[in-house]
Amino acid sequence: MTELVKRPRRLRMNQMLRKMVRETRMDKASLVYPMFVAEGENKKEEIPSMPGQYRYSIDRMGEKLYELQNAGVSSVLLFGIPAYKDDAGSGAYDPQGIVQRALCRAKQEFPQLYLMADLCMCEYTSHGHCGILCGQEVDNDKTLDCLARIAVSQAQAGADLIAPSDMMDGRVAVIRKALDAHGFTSVPIMAYSAKFASAFYAPFREAADSAPAFGDRRTYQMDYHNRREALKEVALDIEEGADIIMVKPAMAYADLIREARELACVPVAAYSVSGEYAMIKAAAAAGFVSEEELAIEAAVCAYRAGADIYISYFAQELAEYMQEGKLG
């Protein structure tokens, strides 16, 4: 027999031992489920490009919230799909807007859940861009006032956390100031800090009916060629008062999750976006991969890279896998 003092395989020979020495660990409390709420009644509409994901009317969203709560998923990130849109995206800060009413209802019926509100204007503008236009360009500074107004209206409706996803310069500082001025000093901000202009978002744009009417979002979302710029965005958001920073997407950006983790003194979130979900679903439906195994591996990758929080359309399934001992 070959004399080897160091045999790493010793720690892989037994399932219990493998779990004992596992370097990356997860729990249900770190999972966040992104959920779409739409105007209307008695609606549960499947999203064609995201099998198994739905748009819920407010009167039916409780069905999903109940499932999530039972599975042990305690946090939900809400996206609204309004019936009416205009150039200013005014529905985003309407006290009777879709997300505001959804927050109120969810807070009443599911007080144990932690409710996060995505803050952006793209679902609410008739042009599909994430801010106020000046010609065909988004005016950064005019948009900031709207973002602050949206944040306050979401907090007033019961949001436990505000998550700005617009990628306007200076938005975290403006939102923090507005929240504090209205007495919401305890409401944290989870900033989409390194949000890249990604092809992985395509199914989301169908789900949220938020595709731009012209052009694209490359003038405000980040160029995916850039690493140092992403770290600059993270540092700026922390300096402006972000309580949590986010890297989006997750799957192809694990290097940025790792670097953000090493830079940041705040928790790091990773958003496993619609395109990642759709690819796993499509490949599994074709019989090419195991949906369960790939969903688990993608999640572990994000946590291993350094994510503290994992936002995923597989959140309920991942919680169930944890319960079954397949993940953790």
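Hydrogens, waters and symmetry mates play no part in the numbers below; they use all other heavy atoms, side chains included. Predicted model, so just to flag it, every value in this text is computed and none were measured.
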Engineer: Is it the case that atom CD in Glu63 sees more than 12 heavy atoms from other parts of the structure closer than 6.0 Å?
Structural biologist: yes
Engineer: Are Arg176 and Glu240 close enough that some pair of their side-chain heavy atoms sits under 4.5 Å apart?
Structural biologist: no
Engineer: What's the separation between atom CZ in Arg171 and atom CG in Asp141, rounded to the nearest 0.5 Å?
Structural biologist: 13.5 Å
Engineer: Within a reach of under 6.0 Å around CD of Glu239, are more than 12 heavy atoms found that belong to other residues, nucleotides or ligands?
Structural biologist: no
Engineer: Is Lys248 close enough and on-axis enough to Tyr192, meaning under 6.0 Å and within 45°, for cation-pi?
Structural biologist: no
Engineer: May I ask whether Met168 and Ile175 are part of the same hydrophobic cluster, defined by side-chain heavy atoms of I, L, V, M, F, W, Y residues being less than 4.5 angstrom apart, directly or through others?
Structural biologist: yes
Engineer: Hey, what do you get for CG (Leu68) to OG (Ser75), rounding to the nearest 0.5 Å?
Structural biologist: 10.0 Å
Engineer: Drop me the distance from Ile238's CD1 to Leu263's CG, to the nearest 0.5 angstrom.
Structural biologist: 5.5 Å
Engineer: Which heavy atom of Ser57 sits nearest a heavy atom of Gly40, and at what distance?
Structural biologist: CB-O, 3.3 Å
Engineer: I'd like to know whether the aromatic ring centres of Tyr253 and Tyr271 sit less than 6.0 Å apart in this structure.
Structural biologist: no
Engineer: State whether a side-chain donor-acceptor pair under 3.5 Å links Asp180 with Thr185.
Structural biologist: no
Engineer: Between Ser30 and Tyr303, does any side-chain donor sit less than 3.5 Å from a side-chain acceptor?
Structural biologist: yes
Engineer: More than 12 heavy atoms of other residues, nucleotides or ligands under 6.0 Å from OH of Tyr54: is that the case?
Structural biologist: yes
Engineer: Taking the inter-plane angle between the rings of Phe36 and Phe204 on a 0 to 90° scale, is it parallel (under 30°), tilted (30 to 60°) or perpendicular (over 60°)?
Structural biologist: tilted
Engineer: Around atom CD of Glu324, are there more than 12 heavy atoms from other residues, nucleotides or ligands closer than 6.0 Å?
Structural biologist: yes
Engineer: Verify the neighbour count for atom CZ of Arg10: are there more than 12 heavy atoms of other residues, nucleotides or ligands below 6.0 Å?
Structural biologist: yes
Engineer: When you group the ILVMFWY residues by side-chain heavy-atom contacts below 4.5 Å and let the links chain together, are Leu147 and Leu77 in the same group?
Structural biologist: no
Engineer: Take atom CD of Glu67 as the centre, draw a 6.0 Å sphere, and report whether it contains more than 12 heavy atoms from other residues, nucleotides or ligands.
Structural biologist: yes
Engineer: Report yes if some heavy atom in the side chain of Ser74 is under 4.5 Å from a heavy atom in the side chain of Tyr114; otherwise report no.
Structural biologist: no
Engineer: If you measure only the distance, is there a donor-acceptor pair under 3.5 Å linking the side chains of Tyr33 and Gln316?
Structural biologist: no
Engineer: Between Cys134 and Lys142, is any pair of side-chain heavy atoms under 4.5 Å apart?
Structural biologist: no
Engineer: Taking everything shown except Lys232 itself, do over 12 heavy atoms lie less than 6.0 Å from its NZ?
Structural biologist: no
Engineer: Identify which one of Ile245, Asp237, Ile244, Val234 satisfies the side chain to side chain contact (heavy atoms under 4.5 Å, CB included) criterion when paired with Val266.
Structural biologist: Ile245
Engineer: I'd like to know if Glu39 pairs up with Arg101 as an ion pair, taking the criterion as any Lys NZ or Arg NE/NH1/NH2 lying under 4.0 Å from an Asp or Glu carboxylate oxygen.
Structural biologist: yes
Engineer: Should Leu31 and Glu317 count as side-chain neighbours, where that means a heavy-atom distance under 4.5 Å?
Structural biologist: no
Engineer: Taking a hydrophobic cluster as the set of Ile, Leu, Val, Met, Phe, Trp and Tyr residues connected by side-chain heavy atoms closer than 4.5 Å, whether directly or through intermediates, do Leu115 and Val187 fall within one such cluster?
Structural biologist: no
Engineer: Around atom CD of Glu109, are there more than 12 heavy atoms from other residues, nucleotides or ligands closer than 6.0 Å?
Structural biologist: yes
Engineer: Please determine, by modelled atom types, if Glu206 and Ser49 share a side-chain donor-acceptor pair under 3.5 angstrom.
Structural biologist: yes
Engineer: I'd like to know if Leu103 and Val37 are part of one continuous hydrophobic network [Ile/Leu/Val/Met/Phe/Trp/Tyr, side-chain heavy atoms within less than 4.5 Å].
Structural biologist: yes
Engineer: List the steps, then state whether ring-ring contact (aromatic ring centres under 6.0 Å, His included) holds for Phe196 with Tyr201.
Structural biologist: CA-CA 10 Å; Phe196 291 86; Tyr201 302 154; 9.3 Å; no
Engineer: Taking atom types as modelled, is there a side-chain donor on Ser126 or Asp86 under 3.5 Å from an acceptor on the other?
Structural biologist: no
Engineer: Between Leu236 and Val247, is there a shared hydrophobic cluster once you connect ILVMFWY residues whose side-chain heavy atoms come closer than 4.5 Å?
Structural biologist: no
Engineer: Is any side-chain heavy atom of Met222 less than 4.5 Å from a side-chain heavy atom of Lys195?
Structural biologist: no
